[in-house]
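Both counts, for ligands and for their atoms, begin at 1 and track the order of listing.
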Amino acid sequence: MLQPKSSKRTHYAIQLISNRYKQVIICFVLIIPLLLSAQVKGVKHVILIGVDGMGANYLSKAQNIPVMQSIMQQGVSTMHARCVQPSSSAVNWASMVMGAGPSLHGYTEWDSKKPEIPSRQIDHYGMFPTIYALFRDQQPPSKIGVIYSWSGIGYLFPKQAVNKDDHTNNDSLTADHAAKYIQAERPDFLFVHFDGVDEAGHGIGWGTNAYYQAIQGIDSYIGQIIKSVKNAGIEKNTVIIVTADHGGIKKTHGGKSIQEMEIPWMAFGPKIKRNTILNKSIMTYDTAATIAYLFGLKTPQVWIGRPVLEAVK
Ligand SMILES: [Zn+2]
């Protein structure tokens with residue numbers, strides 16, 4: 001039967017519209033998984049906890065550290081990650097958040113406040129590109145915090161890129177402030193720095209009873225932070241990484257002994273393997289690359305850090 005002309009036109013129009021819908025639907029079906037795969041699913045928060053001077057050689061022998069022991073059981077760990085040379089603080093805290101070593105970012109001393117070697121690249125914050133800048137630029141609504149016991153950390157991030165810049169000068173306050181900030185703001189990325197283990201090392205000696213007591217103290221502070229993550233209701237979406245800038249020997253560090261060079265690296269949370277010892281090489285600048293990977297952040301060409309893929313499910 002011949003259809004009247006108008007009905008034919010309507011039918012044609014409907015078909016045209018439904019074809020358009022099909023195209024749109026196909027586009028979404030193809031594009032949405034690509035968008036999702038840019039960020040490791042389930043990871044919405046990363047808390048990076050840095051324990052100054054916590055050498056892997058000593059941590060592996062530490063007793064009564066239930067929190068870190070449970071992180072290692074629930075997640076991944078190694079006692080053979082390495083810091084960069086020299087085995088000093090600022091140069092290594094810089095490397096950890098800048099995805100590169102001192103020859104590139106230029107911070108070379110224990111107390112560098114600016115690069116002694118001109119940075120190979122400068123971003124629009126006037127610094128070598130940091131993980132903080134990647135968050136701010138690529139995911140602008142991110143809540144980013146830095147809470148730290150040692151003033152030297154204050155020179156190693158672009159102030160304009162973070163929401164919270166809190167130098168406490170005291171580990172107990174650092175833990176308190178971090179816990180409160182996590183519960184109140186649920187930050188996307190938070191860096192927490194503890195200093196007491198390094199102080200015990202310099203004051204009494206690496207590997208002494210006082211040094212191990214300091215590690216036990218930090219262990220309970222890490223427990224306080226994990227509790228706040230649970231209280232904030234974000235534990236299912238939060239990856240926690242615990243590492244250090246360097247180890248030490250006798251009452252010092254900066255040298256080339258394995259006690260100074262080896263640092264612990266542990267992580268747990270969504271998409272992180274359980275109860276796994278990491279065997280492959282990890283450098284401190286891989287930490288920044290790993291955080292960028294978890295959030296699908298594009299890393300600058302000048303970075304040499306690689307994500308710790310061995311840790312990810
Ligand atoms: Zn030190």
N-O pairing of Lys143 and Glu185 below 4.0 Å
yes

Only one of Asp195, Asn169, Thr168 forms a side-chain hydrogen bond (donor to acceptor under 3.5 Å, both in side chains) with Thr174, so which one is it?
Thr168

Inspect the surroundings of NZ in Lys250 and state if more than 12 heavy atoms from other residues, nucleotides or ligands are less than 6.0 Å away.
no

If you round to 10 degrees, what value do you get for the angle at the Zn ion (ligand 1) between His202 atom NE2 and Asp198 atom OD1?
90°

Among Pro115, Ser95, Ser112, side chain to side chain contact (heavy atoms under 4.5 Å, CB included) partner for Pro102
Ser95

The atom name of the N, O or S atom in His253 nearest to the Zn ion (ligand 1) is NE2

Look at the N, O or S atoms of Asp52, main chain and side chain alike, and state whether any lies under 2.8 Å from the Zn ion (ligand 1).
no

